[in-house]
Colleague: 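Below: one structure in structure tokens.
Within every chain, numbering begins at 1; the chains are lettered A, B, ... in the order of the sequence lines, protein sequences first and strands thereafter.
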Amino acid sequence: MRTEICHLADGEGKTASLAGWVANKRTGKGLVFLELRDGSGFCQCVVDENNVNPEVFEAAKKAGLATSLRLEGEVVKDDRQVGGYELQVQKVEVLQFVEDYPISNKAHGVDFLLEKRHLWLRSKRQWAVMRIRSRTKFAIHQFFQDRGFIQTDSPIFTGNACEGTTTLFATDFYGEEAFLSQSGQLYAEATAMALGKVYTFGPTFRAEKSKTRRHLSEFWMIEPEMAFYDLDMNMDLIEEFIRYIVTDIYTTHRAELEVLGRDLTLFENIGTTFPRITYDEAVEILHGKRDVNGENALETLEKDLEAVKQGIADRKKDIEEREAAIAAGGMKKGKVNFNRNKIDTLKNEVKDLEEKERNIPQWLESARTFQHGADLGGSDETIITRLFNTPVMVYKWPKDIKAFYMKRDEEDDNYVKGVDCLAPEGFGEIVGGAEREDSLELLEQRIKEHDLPMEAFEWYLDLRKYGSVPHAGFGLGFERMVMWLTNVPHIRETIPFPRYYGRLFP
RNA sequence: UCCUCCAUAGCUCAGUUGGUUAGAGCGGUUGACUGUUAAUCAAUAGGUCCCUGGUUCGAGUCCAGGUGGGGGAGCCA
């Protein structure tokens, strides 16, 4: 009977048989330490020359990374181990020897790792990310299902290019031009009028040639849509939703967050009410005319710049000192290696900081000269969220920069009842939502203003002809959410096989 | 589409004002070591310096063009 590593604790003091792959190996005289992974977890297995026959010991000694094997032995409590237990091996059965596994436990570049994505998934950090991704998906379904939402799927093939074709993937649909869906929102509105509260959860496609750490060509989106909801109810739901997901991951996946070295401040603050500010207030913050909790956005950013400069100086000094120490000689080889690796790490940190040093003055400039009526850029979001330690909601946006389907603000025609939820730690937008325009006339007018083809929206306009009601909804980029939760540097790490400009394989 | 940085061993990188036979660490291999946590130590194999052209007595290094990639802007989730 095979035991999964995650259940090892139940078998303490007993014999267990494990099956898995070698994740790492260390050897000593008469001893081999195999770090085994089986998907459910990691466990150190000790092969002692005295406890096994010579062939078994030789096999263990030769097993390279990714060697697949079955092991049998006694489960022993050992506080030095990550899971608290190790296996004193008695039997080894090698399924396949490997000696040239391409991914080592040392540093690799992102491009190399993505070239080997099918293997990279086996490493510990990716293991943790994929488990959090899975749980997040589950938690999202649970949240909505518990609250009486019905999941409805929107089509992936769409016939008309509503908002321009440049960001759409064109494909052939029985001789007709079809596009891969960019959003299921309009369809969710239709199903909400049938089922009350709905959500979609499916893939979306954007043909943007974006090479940034925040973009994918294929990603998953959650789009809830609720009949009889207004903007305030929408914001309440967004807040409750995000708090639920964060709390769930915090309580169920602490070990994975630790593997990732995630700073847990975010998770601890999530109980605090999310501030809600209007777009106008956000602009005042950007202009430095409105402080938050006594903090001025521009001053804070200037302080950040000083900190960055200091960080660069500190690291450069550190590098020099380490290089001098190595050059002086007399250092043990292990220590030299350690210092060399540290220097590499520091150099990369300096590169990142120098990039920041170049960017911050531009951010400051762009914040100071921000024109009321423009959309918030990435840096503007960073500046605003920097002042908060919880997500922030920005609502009441100028109508010209928002989608045609957003409901106009009754108090001021120039605004619409949209809301963006910005994640803290400089992360930026994770949710975009709105109360929808429910008046047929105003909707038609907005379609004309946006220069969109009226005939493409005939079915959508039917929703406003036959029993139109106030309703609202929002969209959440699933990978963005996972990226924020795990704090991995790149969105490409949050999906098993990322698709983006230049990457179709593996 | 624009700005910016990069391309040297399987991987991560160094390579000085252009100069003899291009280096290190990791990983691989062989060996040493009885408790390692990226173990350590010794030995060893491993190179079309991205491509094309140019300057030069001489190019990994300089110049031009190309290709591929990183980061950012725009746009967005």
Side-chain angles (χ1 to χ4, degrees), chain A residues 23-35 42 44 46-50 61-62 64-65 78 80-82 86 88 98-116 124 163-164 166-167 182-183 185 204-223 323 326 332-341 343-345 347-348 351-352 354-356 358-359 362-363 366 375-379 381 401 403 420-421 423 427-433 474-484 489-492 501-503:
Chain A
N24 201 5
K25 184 183 72 172
R26 291 170 287 275
T27 63
K29 184 170 172 59
L31 279 174
V32 177
F33 301 97
L34 296 172
E35 192 185 337
F42 294 78
Q44 172 161 288
V46 185
V47 187
D48 190 324
E49 202 172 24
N50 302 319
K61 218 170 149 181
K62 283 201 164 63
L65 297 194
D78 187 326
R80 288 169 295 188
Q81 305 313 321
V82 177
E86 68 177 18
Q88 292 287 346
V98 177
E99 64 180 27
D100 55 354
Y101 188 61
I103 299 179
S104 69
N105 286 319
K106 300 288 190 272
H108 294 287
V110 187
D111 196 45
F112 172 78
L113 289 168
L114 283 163
E115 204 65 52
K116 306 266 182 256
K124 201 179 265 179
E163 294 171 55
T166 49
T167 62
Q182 286 206 83
S183 162
Q185 192 214 301
T204 44
F205 307 88
R206 306 263 168 103
E208 296 158 0
K209 291 182 180 174
S210 298
K211 296 199 305 181
T212 82
R213 58 179 70 193
R214 299 157 54 79
H215 288 86
L216 289 168
S217 299
E218 178 183 290
F219 63 98
W220 290 69
M221 200 149 62
I222 301 100
E223 297 184 293
E323 278 174 345
I326 293 170
K332 274 199 163 182
K333 200 171 169 184
K335 190 133 192 212
V336 172
N337 285 346
F338 175 81
N339 277 303
R340 286 234 167 88
N341 284 323
I343 287 169
D344 275 1
T345 311
K347 279 185 181 174
N348 281 325
K351 269 187 201 167
D352 286 349
E354 282 175 344
E355 171 118 28
K356 258 195 164 170
R358 284 193 296 273
N359 284 336
Q362 291 172 24
W363 294 358
S366 119
D375 205 353
L376 296 182
S379 67
E381 290 178 356
I401 53 169
D420 279 2
C421 183
F427 190 85
E429 185 180 343
I430 46 173
V431 166
F474 62 91
L476 171 86
F478 181 58
E479 281 76 15
R480 287 261 174 98
M481 183 78 187
V482 175
M483 188 181 174
W484 177 52
H490 213 297
I491 199 163
R492 292 168 194 176
Y501 182 61
R503 170 76 53 202

Colleague: Please state the P separation for the pair B/G47 and B/C57 - nearest whole angstrom.
Modeller: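 Here B/G47 and B/C57 have their P atoms 33 Å from each other.
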Colleague: Below 4.5 Å, heavy atoms only, C-beta onward: do A/R214 and A/I491 meet side chain to side chain?
Modeller: no
Colleague: Looking at the base of B/G35, is there any donor atom on it, or on the side chain of A/Q88, that sits under 3.5 Å from an acceptor on the other one?
Modeller: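 Checked by distance alone, the answer is yes.
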Colleague: Would you indicate which nucleotide in B/G69, B/A39, B/C11 comes nearest to any side-chain atom of A/H108?
Modeller: B/C11
Colleague: Looking at B/C2, which nucleotide sits across from it as a Watson-Crick or G-U wobble partner, both distances under 3.5 angstrom, or is there none?
Modeller: B/G72
Colleague: Of the listed nucleotides (B/G72, B/C76, B/G35), which one gets closest to any side-chain atom of A/L31?
Modeller: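 Shortest atom-to-atom distance from the side chain points to B/G35.
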Colleague: Around atom CZ of A/F112, are there more than 12 heavy atoms from other residues, nucleotides or ligands closer than 6.0 Å?
Modeller: yes
Colleague: With respect to the side chain of A/D111, which nucleotide from B/U37, B/C75, B/G69 is positioned closest?
Modeller: B/G69
Colleague: State plainly whether the residues A/E115 and A/R503 are in salt-bridge range, i.e. N to O under 4.0 Å.
Modeller: yes
Colleague: Look at the side chain of A/Q81 and the base of B/U36, then say whether one donor and one acceptor between them are separated by less than 3.5 Å.
Modeller: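 For A/Q81, whose side chain was compared with the base of B/U36, there is a donor-acceptor pair (under 3.5 Å).
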Colleague: What does B/G10 pair with, Watson-Crick or G-U, if both distances are under 3.5 Å?
Modeller: B/C26
Colleague: By nearest atom, which of the nucleotides B/G35, B/C26, B/A38 is closest to the A/F33 side chain?
Modeller: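 Among the listed nucleotides, the one closest to the side chain of A/F33 is B/G35.
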Colleague: Once you apply a heavy-atom cut-off of 4.0 Å, does A/L216 come out as touching a base, just sugar-phosphate, or nothing?
Modeller: base
Colleague: State which of B/C11, B/C76, B/U29 makes the closest approach to the side chain of A/E99.
Modeller: B/U29
Colleague: Out of B/U36, B/C76, B/G72, which nucleotide sits closest to the side chain of A/E86?
Modeller: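 Selected nucleotide (nearest to the side chain): B/U36.
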Colleague: Nearest to the side chain of A/T212, heavy atoms from C-beta on, is which of B/G72, B/G35, B/C76?
Modeller: B/G72
Colleague: Side chains of A/S379 and A/Q362: any donor to acceptor distance under 3.5 Å?
Modeller: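 A/S379 and A/Q362 do not have a side-chain donor-acceptor pair below 3.5 Å.
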Colleague: From the options B/U37, B/G74, B/G71, select the nucleotide whose nearest atom is closest to the side chain of A/H490.
Modeller: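 Among the listed nucleotides, the one closest to the side chain of A/H490 is B/G71.
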